[in-house]
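In what follows, a single structure is set out as structure tokens and then discussed.
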Amino acid sequence: MNKIESLSDLFDMVGCDVSYYDLGRNITKITPQQAIQFDRKQQAYPFPFRQHAWLACLLTSKDTAKKDSANAGVIWFVKLPLDEAGCLNLGTRDHFIKSIVDKILHKGEAAGLSEALEDNPYVFKPDQERMASFHAILGKDLHKAPSHYFDDVVKHLSSDLNKQDDSWQTLGLQGIAELAARVNEDTYQALIQKTIQHAAKPVVSALCHALEHETLSSQLQETLIAQLQTEQDALMQASYLRALSRAELNNTLLLPLFGLLGSLTECQDNDLHPIAALAAKCPHWLGQNPQLLRIIMEKLAHREDGYIAFRQIAAELSQHPEAKQPLWSLLRSGHVSPKLAQAVSYLFTQTPTSVQ
């Protein structure tokens with residue numbers, strides 16, 4: 001057997017081509033060049049999230065005779081830790097490779113790639129929303145027809161949404177994700193605009209969560225910002241922020257964000273929903289705008305919760321390449337409130353946990 005020194009060597013060994021998607025902060029297709037670079041440790045992993053690479057590996061057989069077999073389109077969900085430089089931890093990666101090779105040698109290739117990850121410690125299972133969005137994006141990339149759930153969603157959203165009925169409750173999450181994956185198709189742009197403005201809140205929220213994986217038109221961004229400015233429900237505010245997370249941080253977006261966050265010295269429980277969305281989905285904004293970052297950390301420092309939220313958000317931001325340095329610059333600054341200074345002094349009193 002040839003020496004296996006990378007993930008690509010592993011997939012060559014089992015006779016498969018591989019396409020990678022990152023499933024960390026957002027769902028993003030990884031280019032072949034990016035895959036080569038992080039696999040060979042020539043570059044850091046391009047989309048780190050909570051100090052791991054969250055990979056969906058689409059494996060397709062190189063043997064044309066097997067293209068229609070059960071192994072023709074196997075998907076592996078693999079979570080691999082990153083080192084301090086943001087590169088794949090080679091010791092862990094090699095342990096993962098060895099566990100796969102041992103399993104295949106023990107069971108035989110006939111057992112199938114789908115069984116190779118049984119009881120593997122590096123496997124993860126995406127939540128329902130993320131799985132729906134991944135299948136929607138993958139299906140679109142592979143030019144597959146959408147599911148029957150998609151037709152139901154389009155039919156419902158094309159109707160009079162001002163009627164007071166609960167028919168939206170029968171809609172499938174997969175159909176909503178498939179609509180979001182088509183956000184830049186002319187056929188569906190007006191329908192998505194209408195949905196954001198008039199559909200039931202649970203439908204809008206699910207659509208926003210799926211839209212966080214897409215690059216949105218300026219018109220749709222404006223619609224989402226307008227909704228954000230008038231929305232009083234904190235969970236819906238968080239949903240709009242998630243949908244906007246790939247937007248450029250300009251004044252059109254920045255001013256509503258300042259308005260949303262409000263006072264430096266007050267932070268109610270409801271305020272935590274948009275703050276958590278900003279930290280988990282938009283840390284690049286906080287890295288780009290120190291004032292926005294300071295408002296959030298000041299608000300959290302003024303909470304009477306034993307600095308629980310403060311520690312969670314600080315831990316989240318300290319793991320993001322763009323937000324890490326601005327965060328530590330702020331926390332080391334002498335120009336902060338006494339409350340924030342006190343929160344910093346308590347920062348390392350217990351092991352922080354990340355925002356979920």
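Note that the structure is predicted; figures quoted are calculated from it, not measured.
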Under a 4.5 Å cut-off applied to non-hydrogen side-chain atoms, are [X] and [Y] in contact?
| X | Y | answer |
| --- | --- | --- |
| Ile100 | Leu117 | yes |
| His213 | Arg130 | yes |
| Phe96 | Val101 | no |

Does the pair [X]/[Y] count as a salt bridge with the N-to-O cut at 4.0 Å?
| X | Y | result |
| --- | --- | --- |
| Asp22 | Lys29 | no |
| Glu316 | Arg50 | yes |
| Glu5 | Arg93 | no |
| Asp102 | Lys98 | yes |
| Arg303 | Asp271 | no |
| Glu298 | Lys339 | no |
| Asp9 | Arg40 | yes |

Ring centroid separation for Phe47 and Tyr21, is it under 6.0 angstrom? no
Could you tabulate the donor-acceptor pairs under 3.5 Å formed by side-chain atoms of residues 248-258, not counting sequence neighbours?
unit_1: Asn250; atom_1: OD1; unit_2: Thr252; atom_2: N; d: 3.2
unit_1: Asn250; atom_1: OD1; unit_2: Leu253; atom_2: N; d: 3.2

Is it the case that Ser218 and Gln221 place a side-chain donor and acceptor less than 3.5 Å from each other? no
Determine, step by step, whether Lys194 and Gln189 satisfy the side-chain contact (heavy atoms from CB on, under 4.5 Å) criterion, reporting the C-alpha distance in whole Å, the side-chain angles of both residues, the deciding distance to 0.1 Å, and the verdict. CA-CA 9 Å; Lys194 174 189 172 185; Gln189 287 178 355; over 6 Å; no
Start with the C-alpha distance between His320 and Phe49, add both sets of side-chain angles, then the distance that settles ring pair (Phe, Tyr, Trp, His ring centres under 6.0 Å), and finish with yes or no. CA-CA 7 Å; His320 187 267; Phe49 183 54; 9.1 Å; no
Under the 3.5 angstrom rule, does the side chain of [X] hit a backbone N or O of [Y] as a donor-acceptor pair?
| X | Y | answer |
| --- | --- | --- |
| Glu212 | Lys281 | no |
| His302 | Leu340 | no |
| Asp39 | Ser8 | yes |

Counting only heavy atoms from other residues, nucleotides and ligands, does the tally under 6.0 Å from [atom1] of [X] exceed 12?
| X | atom1 | result |
| --- | --- | --- |
| Gln169 | CD | yes |
| Gln128 | CD | no |
| Gln219 | CD | no |
| Lys155 | NZ | no |

So if you build clusters from Ile, Leu, Val, Met, Phe, Trp, Tyr with side-chain heavy-atom gaps below 4.5 Å, do [X] and [Y] land together?
| X | Y | answer |
| --- | --- | --- |
| Ile97 | Val123 | yes |
| Leu173 | Val153 | no |
| Leu58 | Phe124 | yes |
| Leu142 | Tyr149 | no |
| Val183 | Leu161 | yes |

Decide yes or no on ring pair (Phe, Tyr, Trp, His ring centres under 6.0 Å) for Tyr346 and Phe310, but give the supporting numbers first. CA-CA 10 Å; Tyr346 280 98; Phe310 183 87; over 10 Å; no
What's the shortest heavy-atom distance between [X] and [Y], and which atoms?
| X | Y | value |
| --- | --- | --- |
| Gly91 | Asn89 | N-OD1, 3.1 Å |
| Pro326 | Gly287 | CG-O, 3.6 Å |
| Ser205 | Met236 | CB-SD, 3.9 Å |

Could you go through the ring pair (Phe, Tyr, Trp, His ring centres under 6.0 Å) check for Tyr122 and Trp76 one step at a time? CA-CA 10 Å; Tyr122 303 105; Trp76 287 2; over 10 Å; no
For side-chain hydrogen bond (donor to acceptor under 3.5 Å, both in side chains), just list the numbers for Thr223 and Gln193, CA-CA rounded to whole Å, side-chain angles, deciding distance to a tenth of an Å, and then say yes or no. CA-CA 7 Å; Thr223 298; Gln193 292 271 2; 2.4 Å; yes
Which of these passes side-chain contact (heavy atoms from CB on, under 4.5 Å) with Val336: Val344, Leu331, Leu330? Leu330
Run the side-chain contact (heavy atoms from CB on, under 4.5 Å) test on Val204 and Cys208 for me, step by step, so that the C-alpha distance in whole Å, both residues' side-chain angles and the decisive distance to 0.1 Å come before the verdict. CA-CA 6 Å; Val204 178; Cys208 284; 4.1 Å; yes
d(His95 NE2, Leu90 CG) to nearest 0.5 Å is 14.5 Å
